[in-house]
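Working notes, structure below.
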There are 2 protein chains.
Amino acid sequence: MLSKSAKYALKGVLYLAMNTNEQKRVMAKDISGPINVPPSYIAKLLQQLGRHGVVSSIKGPHGGFFLTEENKKTPLIKIIDLLDGEYRLKSCMLSLKDCNELNPCPLHRLVGNVKSDFIRSLEQTTIAELVQDIKDGKSFLPL
Amino acid sequence: MLSKSAKYALKGVLYLAMNTNEQKRVMAKDISGPINVPPSYIAKLLQQLGRHGVVSSIKGPHGGFFLTEENKKTPLIKIIDLLDGEYRLKSCMLSLKDCNELNPCPLHRLVGNVKSDFIRSLEQTTIAELVQDIKDGKSFLPL
DNA sequence: CATATAAAAGATAAAAATGTCTTTTAATAT
DNA sequence: ATATTAAAAGACATTTTTATCTTTTATATG
């Protein structure tokens, strides 16, 4: 469904959302354990997310990765698209170039609104909202 | 979403469903073009599907791959699971081992019924039904 | 300023997925 | 029987994804 990279990235960002802010930062190697992702791999992913404004970071002593309130407004789809490309989730089930509503491939109706609804959720839901759910006891950690 | 192998396999089986029967068979190399999949790759995939009773085949002159009426009753999920494994489609969005309805991960509700509905469709829909849709002008080729 | 710290960037390695080629086996037709 | 055909099986090559390691750059602190 999602690549490992996308899953790792979502877990990393979620961890940062729950455990950091402008003042309190965490180093890549300290995220690794709690989210169960290899340290140098999560570092790479967070750096990539940093370049695109999804996470924040500061170098040097007491530096590390963190999320600003602004960062937390990132919609989930942005993280997924950054790592998997838009194509993976949004393309036709059979990767047919000219499959669309008017000229649907044999699997198109089957997937139907299901997929578009799903993608809309990912576009409309932000990291902040996921955090709120956790705090409201609607969903659970650990990652 | 699906691996290339799964997409290729679905296209191959769909092509067989539309163009073959016990009497009329096609060779791997003649499927390749119409469905736009490398010849030796589709051959491998069809052999694998053959081992699991999804397609039929006969060796030698006038041999080739084909689908029996029985074969056409195969649900789509079988083809997908064979190539991608059940895990890919059915596991939690974050691949968390103990995510379930009672202990949902942060993405669980978001995906919600959408995913289970989708999987149910794949379980309940057969190749034969897709063929019927095409014949009824509800969906379109080419692959 | 010098030093230590931690991210950024780059290079390299390992594993998995995709794709191709060759040999073997089974069926057909002459 | 023999030759031909086409799938089955296996070996091999390429590409992509995942993972690790090393060097560089920026920042804070003494």
Side-chain angles (χ1 to χ4, degrees), chain A residues 1-13 16 20 22-33 35-68 71 80 82-85 87-88 95, chain B residues 1-13 16 20 22-33 35-68 71 80 82-85 87-88 95:
Chain A
M1 194 77 133
L2 302 182
S3 68
K4 275 194 175 191
S5 292
K7 287 172 187 173
Y8 288 175
L10 285 168
K11 294 207 288 181
V13 172
L16 291 179
T20 70
E22 255 97 337
Q23 281 73 47
K24 184 169 181 301
R25 301 146 196 164
V26 295
M27 296 185 288
K29 68 178 167 70
D30 293 326
I31 305 177
S32 169
I35 67 173
N36 198 29
V37 174
S40 32
Y41 202 65
I42 190 62
K44 278 273 130 134
L45 294 173
L46 291 177
Q47 284 160 24
Q48 193 176 342
L49 293 173
R51 271 181 250 122
H52 290 87
V54 176
V55 306
S56 303
S57 64
I58 289 184
K59 290 182 180 180
H62 303 113
F65 294 95
F66 62 99
L67 256 57
T68 63
N71 288 150
I80 294 170
L82 253 162
L83 288 147
D84 288 350
Y87 191 76
R88 177 160 182 156
S95 294
Chain B
M1 194 77 133
L2 301 183
S3 69
K4 277 192 174 192
S5 292
K7 288 172 187 173
Y8 288 174
L10 285 168
K11 294 208 288 181
V13 172
L16 292 178
T20 70
E22 254 98 337
Q23 279 73 48
K24 184 170 182 299
R25 301 144 196 166
V26 295
M27 294 185 289
K29 67 178 167 71
D30 294 326
I31 305 178
S32 168
I35 68 172
N36 198 32
V37 174
S40 31
Y41 203 66
I42 191 60
K44 279 273 130 142
L45 294 174
L46 291 178
Q47 282 160 24
Q48 193 175 344
L49 293 173
R51 270 180 250 121
H52 290 88
V54 175
V55 306
S56 302
S57 65
I58 289 184
K59 291 182 180 180
H62 303 113
F65 293 95
F66 62 100
L67 255 57
T68 62
N71 289 150
I80 294 171
L82 253 162
L83 287 148
D84 288 350
Y87 190 76
R88 176 159 182 158
S95 294

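Residue numbers begin at 1 in each chain, while the letters A, B, ... track the order of the sequences. None of these values were measured; they are calculated from a predicted model.
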Given atom NZ of B:Lys44 and atom P of D:dC12, what is their separation to the nearest angstrom?
13 Å
Please classify the nucleic acid contact of A:Lys29 as base, sugar-phosphate, or nothing, using heavy-atom distances under 4.0 Å.
nothing
A:Gly12 and A:Ile42: which non-hydrogen atoms are nearest, and at how many Å?
CA-CD1, 4.2 Å
Distance, rounded to the nearest Å, where B:Arg25 contributes CZ and D:dT5 contributes P:
17 Å
Would you say that B:Thr68 contacts B:Glu22 through its side chain, given a criterion of any heavy-atom pair below 4.5 Å between the two side chains?
yes
When you check every protein heavy atom under 4.0 Å of nucleotides 14-19 of chain C, what one-letter string (B, S, -) results, 5' to 3'?
----BB
Rounded to the Å, how far apart are B:Gln48 CD and D:dA8 C1'?
13 Å
Side chains of A:Arg88 and B:Met1: does their closest heavy-atom pair fall under 4.5 Å?
no
Rounded to the nearest 0.5 Å, how far apart are NZ of B:Lys24 and NE2 of B:His62?
13.0 Å
Can you measure from CG (A:Leu67) to CG (A:Leu49) and round to the nearest 0.5 angstrom?
9.5 Å
Can you tell me how far apart CD1 (A:Ile80) and CG (A:Leu2) are? Round to the nearest 0.5 Å.
5.0 Å
Distance check, rounded to the nearest 0.5 Å: A:Phe65 atom CZ versus A:Arg25 atom CZ?
12.5 Å
Spacing of A:Leu82 atom CG relative to D:dT17 atom C1', expressed in whole Å:
17 Å
Restricting to non-hydrogen atoms, name the atom on A:Ile35 and the atom on A:Lys11 that form the minimum distance, rounded to 0.1 Å.
O-NZ, 2.8 Å
Judged by modelled atom types alone, do B:Tyr41 and B:Ser32 share a side-chain donor-acceptor pair under 3.5 Å?
no
Would you state whether a donor and an acceptor, one from the side chain of B:Gln47 and one from the base of D:dA8, lie under 3.5 Å apart?
yes
Quick check on contacts: within residues 52-68 of chain B, what sits under 4.0 Å from DNA chain C by heavy-atom distance?
B:Lys59, B:Gly60, B:Pro61, B:His62
Distance, rounded to the nearest Å, where B:Leu45 contributes CG and C:dT20 contributes C1':
13 Å
Base, sugar-phosphate, or nothing for A:Ala43, non-hydrogen atoms under 4.0 angstrom?
nothing
Nearest-Å distance for atom pair CG/P, residues A:Leu83 and D:dA19
13 Å
Please give, in whole Å, the distance from C:dT28 P to B:Met27 CE?
15 Å
